[in-house]
There are 2 protein chains.
Amino acid sequence: MSLVVQKYGGSSVSDAAALKRVAARIVETKKAGNDVVVVVSAMGDTTDDLLDLAAQVTADPPAREMDILLTAGERVSMALLAMAVTELGVPAHAYTGQQAGLRTDNHYGKASIVGIVPERIARDVKDGSVAIIAGFQGVNELNDVTTLGRGGSDTTAVALAAAMHADVCEIYTDVDGLFSADPRIVPAARRVQSLDYEETLELAGQGAKILHLRAVEFARKYNVPLHVRSSYSELEGTWIMNTDERDMESPIITGIAHDRSQSKLSILGVPDIPGKAAKVFGKVAEVGANIDMIVQNVAASEPDKTDISFTLPHDSAAVALKAIEDMKEELQYREVTFNEKVGKLSLIGAGMRSHPGVSAKLFGALAEAGINIDMISTSEIRISVVVRIDELDKAVRAVHTAFDLDAEDTQAVVYGGTGR
Amino acid sequence: MSLVVQKYGGSSVSDAAALKRVAARIVETKKAGNDVVVVVSAMGDTTDDLLDLAAQVTADPPAREMDILLTAGERVSMALLAMAVTELGVPAHAYTGQQAGLRTDNHYGKASIVGIVPERIARDVKDGSVAIIAGFQGVNELNDVTTLGRGGSDTTAVALAAAMHADVCEIYTDVDGLFSADPRIVPAARRVQSLDYEETLELAGQGAKILHLRAVEFARKYNVPLHVRSSYSELEGTWIMNTDERDMESPIITGIAHDRSQSKLSILGVPDIPGKAAKVFGKVAEVGANIDMIVQNVAASEPDKTDISFTLPHDSAAVALKAIEDMKEELQYREVTFNEKVGKLSLIGAGMRSHPGVSAKLFGALAEAGINIDMISTSEIRISVVVRIDELDKAVRAVHTAFDLDAEDTQAVVYGGTGR
């Protein structure tokens with residue numbers, strides 16, 4: 001008998017009909033001989049509606065009360081889902097994060113899990129019931145509810161799967177898994193059968209929306225196999241697991257992520273003496289901006305000067321720009337340029353480690369498509385480039401084709417590649 | 001410094017604007033130098049909406065999950081209210097029933113309070129904050145949330161007031177207090193300034209909707225002064241307290257309650273031998289019907305037979321009727337008659353104890369108005385009569401006038417009465 005942890009997001013439980021469909025799937029999994037633990041998010045737009053309500057009352061909601069408010073959403077969905085499963089003849093009980101033994105630190109709104117002791121859940125499952133747990137929440141040492149922030153329900157599911165030594169943690173969503181690129185941009189994009197945690201982290205970190213970074217990190221740490229799949233179909237989705245448990249013939253390139261959420265700031269003509277970069281990024285961190293890519297070059301025309309460029313999310317750009325401008329005298333740079341929106345493309349694949357020539361092929365494909373590269377950064381299994389935002393889609397399609405990721409024939413194209 | 005417990009019902013917190021108005025009132029009470037503990041119900045129609053959702057999922061919701069579902073409503077209102085109070089510059093924190101130390105038995109949906117240890121609330125209030133507590137809920141020995149059933153938020157407020165030795169428990173509603181009769185029926189009805197617990201129990205039990213029986217019983221038991229008042233005005237409402245703390249000159253008649261929710265069943269020609277009534281009411285109790293009034297008379301035309309009549313809520317009438325019909329052979333009665341809807345009028349006043357002649361005056365007033373009395377029952381401080389449902393309003397008006405309760409002149413009419 002296997003223990004399956006299933007996580008259903010808000011779009012999978014948007015109304016009573018959707019809840020019933022999810023209940024049927026849970027019952028099916030149970031009747032196939034598995035023990036089943038379910039983590040559920042708030043229904044559809046519930047969380048946004050609650051945020052709206054709070055905004056009507058105050059512009060500056062206390063964080064503790066905000067968490068109490070937001071956790072009302074999961075309370076509703078978990079109770080209804082337990083009812084729907086029970087209605088189908090399988091006993092089911094709903095549990096809050098507290099009842100599931102999920103303890104967190106005191107950072108309301110973005111709490112970290114400090115421990116999980118799912119005794120009561122384990123007992124209930126052993127007794128033949130389905131345990132349905134509120135995602136996204138835990139309890140701190142004060143006995144106050146906390147929320148885990150973005151990706152919180154995924155993280156809850158993975159944490160429970162880790163603590164209970166589940167055989168798999170199924171993440172249900174409204175698509176069939178992870179794709180080699182966003183199908184809205186690349187219609188020929190194909191579902192990725194499997195990838196390892198690091199590839200997934202790069203995909204997630206580089207703007208893929210399906211699975212949250214934090215949950216994947218947790219899964220990697222505790223070696224929890226993830227299965228990302230659609231709650232609307234019976235299709236296999238994408239498996240995420242340790243590399244050594246995957247097929248021998250891993251693909252070189254897993255997929256392409258893109259990101260439209262970045263702005264670019266360039267500080268030109270900075271005196272090239274030690275400590276300048278530290279000052280810049282110290283100040284930027286101080287105003288709360290998260291830097292993504294950084295590139296520093298000696299300016300060709302001015303040998304004793306340097307240019308520093310970096311990208312950061314749109315919503316941090318204004319404060320960062322202001323901070324840099326306020327430091328003009330101190331830094332003695334010549335000028336600042338600002339691109340409000342840039343596009344970032346990331347090519348990801350664990351196979352890059354052992355296959356040279358990937359970056360040359362990438363740059364060649366972009367050049368052939370007439371697309372100028374503005375910044376480059378790399379990791380062991382990723383190459384990211386910044387391009388003009390209006391050329392991003394074209395860039396993604398060109399690279400997808402260049403790496404033979406398009407889906408016109410079999411999976412061998414993606415998974416059987418040789419060293420290109 | 002006084003400790004004031006305030007309870008706001010769903011209609012007082014129906015939307016963000018209403019929540020802000022309530023918050024302003026709380027802050028005002030706090031700034032007047034009081035410690036303030038607030039109990040709040042779910043916003044407006046929230047509870048009905050949640051019940052609808054459950055009905056869409058199952059016709060037979062498990063009670064434990066139903067309580068989890070319903071308590072989502074208070075979670076939202078208490079968090080928003082704490083935010084709204086904080087926004088006005090007074091620190092406020094929201095607490096669940098569990099956090100407020102409200103422990104109950106295991107009867108989901110209609111739990112009884114078994115103890116209340118509001119340590120955390122007391123500490124918070126001592127530190128200068130307003131504590132805002134979810135009404136209607138507690139936690140049982142399994143650490144599962146339970147709801148207190150009808151009147152649960154009133155009961156929560158009174159229980160907290162008792163445990164914390166509050167100076168007053170203010171029950172906010174959408175009317176100015178308790179009235180000498182329903183103002184929709186008797187436009188001349190007047191607000192009652194004060195009454196004692198027993199009178200209130202009779203009023204509540206006899207169909208007055210404002211304050212729940214259970215909360216009043218709790219208040220009587222622990223001697224908690226209640227102040228029922230409007231959240232829409234600054235007017236004094238109605239005080240409910242021990243008789244000996246009221247003015248010497250209590251009124252004879254406090255008010256008139258009416259009830260349209262009763263049906264009447266008469267079993268005619270029952271052999272007048274011991275044990276028949278026990279059999280009837282044993283059976284009726286067995287099918288879950290709550291009997292209200294019972295009258296048994298020897299039938300004039302058949303000296304060895306008796307007639308048994310009783311009233312009970314509409315929604316229990318069908319099963320009770322069926323149960324009686326099934327016992328025809330056993331009881332050997334002649335026939336059963338059934339009035340689906342009857343009207344009940346109750347005249348209530350602690351002064352009845354010491355003032356004879358009240359019932360004569362009541363029956364006289366009804367006779368003068370041409371209204372036939374079908375059943376009569378009395379307690380020390382109440383006389384109830386059953387009349388035809390279509391004559392109920394007329395009866396209430398006639399009695400209200402007969403006892404000089406109409407509001408055309410001063411309160412002396414109501415409160416200074418002599419033995420009529």
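The figures here come from the full heavy-atom set of this structure, side chains too, leaving out hydrogens, waters and symmetry mates. Residue numbering restarts at 1 for every chain, and letters A, B, ... go by the order of the sequence lines. A quick note: this is a predicted structure, and the numbers were derived from the prediction, not measured.
Side chains of A:Asn106 and A:Thr146: no donor on one and acceptor on the other come within 3.5 Å. No side-chain donor-acceptor contact under 3.5 Å links A:Gln137 and A:Asp67. In this model, a donor atom of one side chain and an acceptor atom of the other lie less than 3.5 Å apart for A:Asn140 and A:Tyr108.
Residues A:Gln98 and B:Asn143 have side chains in contact (heavy-atom distance under 4.5 Å, counting atoms from C-beta outward). Using a 4.5 Å heavy-atom cutoff, the side chains of A:Cys169 and A:Gln6 are not in contact. Contact annotation: the side chain of B:Ile121 approaches that of B:Tyr95 to within less than 4.5 Å [non-hydrogen atoms, C-beta and beyond]. A:Thr46 places none of its side-chain heavy atoms less than 4.5 Å from the side chain of A:Val76.
Listed options A:Arg75, A:Gln56, A:Gln99, A:Arg120 were ranked by heavy-atom pairs under 4.5 angstrom with chain B; first place goes to A:Arg75. Of the listed residues B:Ile132, B:Leu70, B:Leu50, B:Thr71, the one with more heavy-atom pairs under 4.5 angstrom with chain A than any other is B:Thr71.
Between the side chain of B:Asp105 and the backbone N or O of B:Ser112 there is at least one donor-acceptor pair closer than 3.5 Å. Panel note: side chain B:Asn34, backbone B:Thr29; a donor-acceptor pair is recorded below 3.5 Å.
Heavy-atom distances place no part of B:Ser77 under 4.5 Å from chain A, backbone and side chain included. No part of A:Glu74 comes within reach of chain B, as not one of its non-hydrogen atoms sits under 4.5 angstrom from that chain. Residue contact with chain B, scored on non-hydrogen atoms closer than 4.5 Å, is absent for A:Thr96. Contact of A:Ala17 with chain B is not made at all, since no heavy-atom distance falls under 4.5 Å. Contacts of B:Met66 with chain A are made by both backbone and side-chain atoms, with heavy-atom separations under 4.5 Å. Contacts of B:Leu142 with chain A are made by both backbone and side-chain atoms, with heavy-atom separations under 4.5 Å.
Between atom OG of residue B:Ser230 and atom CG of residue B:Asp174 there is a gap of 7.0 Å, rounded to the nearest 0.5 Å.
Near-neighbour residues of residues 148-168 of chain B relative to chain A, defined by a heavy atom under 4.5 Å from a heavy atom of that chain, are none. Residues from residues 78-94 of chain A that place a non-hydrogen atom less than 4.5 Å from a non-hydrogen atom of chain B comprise A:Met78, A:Ala79, A:Leu80, A:Ala82, A:Met83, A:Ala84, A:Thr86, A:Glu87, A:Ala92, A:His93, A:Ala94, given in numerical order.
Residue pairs meeting the salt bridge (charged side-chain N to carboxylate O under 4.0 Å, His left out) criterion with at least one member in residues 13-31 of chain A, sequence neighbours excluded: A:Arg25-A:Glu234, A:Lys30-A:Asp35.
A salt bridge links A:Glu170 with A:Arg229: at least one charged nitrogen is closer than 4.0 Å to a carboxylate oxygen.
Annotation: side-chain hydrogen bond (donor to acceptor under 3.5 Å, both in side chains) contacts of B:Ser129 (sequence neighbours excluded): B:Asp124.
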